[in-house]
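Note on naming: letters A, B, ... go to the chains in the order of the sequence lines (proteins, then strands), and numbering restarts at 1 for each one.
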Amino acid sequence: MMQQVRVRFAPSPTGYLHVGGARTALFNWLWARHTNGKFLLRIEDTDQLRSTPEAVEAILVGMKWLQMEPDEPVLFQMTRHQEHIDLCYELLERGAAYADFSDPEIENQKREAMTKAKLQYKFDGSMYRSIPISEQKKRMENEPGNFAIRLKIPEGKTQWNDIVHGSIEINHAELDDFVILRRDGTPVYNLAVVSDDHFQQINLVLRGDDHISNTPKQILIYQAMNWEVPKFGHLPMILGTDKVKLSKRHGATAVGDYQKLGILPEAMINFLALLGWAPGDDTEVMSIDELINRFSLERINAKAAVFDLQKLYWLNGQHISRTPTKQLIDKCGGIDQIKETTGTSELTVEQITKSLELWKTRVKTLDELISYAQIIWKDPLTYDQEGLKKQFQDPKAINRCLALANAFEKLETFTHESTEAVLRKLAEEESQASGETIPAGRYIHPCRLMLTGLTVGPGLFDLVVAIGKEAVVRRLRKAQQLT
RNA sequence: GACCCCAUCGUCUAGUGGUUAGGACUCGAGGUUUUCGACCUCGCAACCGGGGUUCGAAUCCCCGUGGGGUCGCCA
């Protein structure tokens, strides 16, 4: 019987939920869901200076938007502050750590000097490492606040089988006896992480590549405590188009930005999942359930991936077309929200639904969907200049629009069929009267332009019905002003 | 600089010793005579370089090169 998977996402609340962080969270979440395990959220707020409640909120909101809710209460790292401190002393008690009374100022100077001289700085703890514990404790009592605690790095090397990279081996000669408890009595990140991961019984740590160098240090703490070492997997970075780690200057990096841009959470998830993972066949557009089903650790890529906005938009368009219109309305904030932002309080739910229905297969974002749907509800203020030139080059186009307006006005039943019949009849009559063939397009294109101001869009007769007789007639008659 | 990680079309990727190196985004060309940024069809475009191993290498090994990450009493 395999033990239940327990994974976590552990961001520090110092900004917004970054897409890189979201991707890390997603992989953990997908794996937990896939294996029926537990996904936990831990807020690493030990940096009191940089941590803010707003950032905590932003992370929570972002996670919720992406539907990645933790299975257990959120753990704030600071609440285990005392346990972290206790762990440092326990390590000291066990002889795995020692008190360092050296002057940090002097050590800093040494380091700076050596880096300047292009030499490798390493803390030399030889004068403290082997002092008997009882003596160390005596001196600690006598000189409170004058020591830090460092982990004693043993001889040898540390090796682990990384879930994504395979075997990684670090020689201990590369490590120095790192501080676990500062002189001000506060524990350091690498120690707190181990303490909390052990406390939360995390058995798989999936995190960013940038933590590879922390891993041997953390494993050494587990080993010193005789704790079971979790599995580790290090996810590659997400890069900007210039192949440099994605950052603010590449544009939107907070998941909230994409929400504002009209991206669907399921599209964002789908996109993020495809950044560093692929199902193995040619499937690309996947629902969340499908993703959960197919996700596997073995197929995670080791190579950093470039964040390609184009593909996100394409995927978003795919998801929008597949989402039932009713749900799309909810995603836009509901009917009332839509009415308010577009100033169309008089519309019925059916009218709104119908309009979105017509546009949803040809837009890339929710914002686009609303602004195109609006064209149905409101008379156009501007007209596509190129289109105007092309469609109204023939002066007869104006008359065609007016004739169409008159014919539509007389219709009792205003449907796709009836309007199409009327239009085609007009084209035919004109053909006979003039002796040349007038294709229906000569009516259709100018008509579309007058109705929507655009040269693109859904089929004309669907549009005509959605706009409604009265508005159609009114918009068509504006062709008079084109002369 | 040291250590670690990475390397297939511009981008996301499939490929685990024998493939015309496949798909997707983008881009281009056609088609759809009701348009289009939608849809359909087609097309452009890649194994970083050099050595091995092997009958045979994108795939395995080594060396380069390039990119990235980490070197804090930050997280």
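Base contact: I444(A) has a heavy atom under 4.0 Å from a base atom. Within the nucleic acid shown, L460(A) comes within 4.0 Å of at least one base atom, counting heavy atoms only. Here G459(A) lies in heavy-atom contact (under 4.0 Å) with a base. Looking at heavy-atom distances under 4.0 Å, A302(A) makes contact with sugar-phosphate atoms alone, never a base. Heavy atoms of P458(A) sit under 4.0 angstrom from at least one base atom. Within 4.0 Å (heavy atoms only), G208(A) reaches no atom of the nucleic acid at all. At a threshold of 4.0 angstrom between heavy atoms, the contacts of T455(A) include nucleobase atoms, whether or not backbone atoms are also involved. At the heavy-atom level, R424(A) lies under 4.0 Å from base atoms of the strands shown.
When distances run from any side-chain atom of V244(A) to the nucleotides U35(B), C73(B), G68(B), the shortest one goes to G68(B). Distances were taken from every side-chain heavy atom of L275(A) (C-beta onward) to each of G37(B), C12(B), A75(B); the shortest belongs to C12(B). With distances taken from any side-chain atom of Y189(A) to the nucleotides A75(B), C5(B), U13(B), the minimum falls on A75(B). Counting only heavy atoms from C-beta on, I170(A) has its side chain closest to C4(B) among G69(B), C4(B), C36(B). The side chain of E284(A) lies closest to C12(B), out of C12(B), G15(B), G69(B). The listed nucleotides are C5(B), C3(B), C73(B); the one nearest the side chain of D100(A) is C73(B). Looking at the side chain of S213(A), the nearest of the listed nucleotides C5(B), U70(B), A75(B) is U70(B). Comparing U35(B), C25(B), C4(B) against the side chain of D308(A) picks out C25(B) as the nearest.
Between Q218(A) atom CD and C71(B) atom P the separation is 13 Å, expressed in whole Å. Taking atom CG of residue L151(A) and atom C1' of nucleotide C73(B), one finds them 14 Å apart after rounding to whole Å. Residue W314(A) contributes atom CH2, which lies 18 Å from atom P of U11(B) at whole-angstrom precision. Distance CG (N214(A)) to C1' (G72(B)): 11 Å, rounded to an integer number of Å. With rounding to whole Å, D176(A) atom CG is found 7 Å from G72(B) atom P. At whole-Å resolution of the value, CG in L358(A) and P in C36(B) are 18 Å apart. What separates OH of Y313(A) from C1' of A38(B) is a distance of 19 Å, to the nearest Å. One can place CD of Q310(A) at 14 Å from P of U11(B), the figure rounded to the nearest angstrom.
Pairing partner, A57(B): none, since no Watson-Crick or wobble contact has both distances short of 3.5 Å. Across all strands shown, G30(B) forms a Watson-Crick or G-U wobble pair, both distances under 3.5 Å, with C40(B). Across all strands shown, A7(B) pairs with U65(B); the Watson-Crick or G-U wobble distances both stay below 3.5 Å.
In this structure, K303(A) reaches the U8(B) phosphate: one of its side-chain N or O atoms is under 4.0 Å from OP1 or OP2. For the pair N301(A) and A14(B), the criterion of a side-chain N or O lying under 4.0 Å from OP1 or OP2 is met. Remark: R442(A) is not in phosphate contact with U35(B), judged by side-chain N or O atoms under 4.0 Å from OP1 or OP2. Of the side-chain N and O atoms in R111(A), one or more sit less than 4.0 angstrom from OP1 or OP2 of C73(B). Note on H234(A): every side-chain N or O is 4.0 Å or more away from OP1 and OP2 of C5(B). Proximity of K311(A) to the phosphate of U13(B): no side-chain N or O atom is located under 4.0 Å from OP1 or OP2.
Using atom C1' as the reference point in both C36(B) and G30(B), the two lie 16 Å apart (nearest Å). Comparing C9(B) with U26(B), their C1' atoms sit 12 Å apart, to the nearest whole Å. G68(B) sits 45 Å from G31(B) when the C1' atoms are compared, rounded to a whole Å. For the C1' atom pair drawn from G15(B) and U19(B), the interatomic distance equals 9 Å after rounding to whole Å. Separation of the P atoms belonging to C12(B) and A7(B) is 12 Å when rounded to the nearest angstrom. Taking the C1' atom of each, U65(B) and G50(B) are spaced 10 Å apart, rounded to whole Å. Here the separation of G43(B) from G52(B), taken at their P atoms, is 38 Å to the nearest Å. Separating the P atom of A58(B) from that of G66(B) is a span of 24 Å, rounded to the nearest Å.
In this structure, Y128(A) has its ring center at least 6.0 angstrom away from the ring center of F147(A).
Taken residue by residue, residues 48-58 of chain A places heavy atoms nearer than 4.0 Å to RNA chain B at R50(A).
In this structure, N270(A) and E284(A) have side chains that are not in contact, with every pair of non-hydrogen atoms separated by 4.5 Å or more. In this structure, the side chains of L451(A) and L476(A) come closer than 4.5 Å at one or more pairs of heavy atoms. Counting only heavy atoms from C-beta outward, the side chains of L66(A) and L26(A) never approach each other to under 4.5 Å.
Between D177(A) and the options R150(A), K122(A), R129(A), a salt bridge (charged side-chain N to carboxylate O under 4.0 Å, His left out) holds for only R129(A). Between Y443(A) and the options R424(A), E430(A), R448(A), a side-chain hydrogen bond (donor to acceptor under 3.5 Å, both in side chains) holds for only E430(A).
Atom CD of Q48(A) has more than 12 heavy atoms from other residues, nucleotides or ligands within 6.0 Å.
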TODO: Dump the intermediate steps for side chain to side chain donor-acceptor pair (under 3.5 Å) on N146(A) and R183(A), then the final yes or no.
DONE: CA-CA 6 Å; N146(A) 191 37; R183(A) 335 184 95 224; 3.1 Å; yes
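Where I212(A) and V306(A) meet RNA chain B, the nucleotide closest to each residue was compared, and I212(A) sits on the side nearer the 5' end. Summary of the strand contacts: G280(A) and Q120(A) both lie near RNA chain B, and taking for each the nucleotide with the nearest heavy atom, the more 5' one is attributed to Q120(A).
Aromatic ring orientation, F295(A) versus W277(A): tilted (interplanar angle from 30° to 60°). Between F307(A) and Y258(A), the ring planes lie tilted relative to each other; the angle falls in the 30° to 60° range.
Between the side chain of D379(A) and the backbone N or O of A471(A) there is no donor-acceptor pair closer than 3.5 Å.
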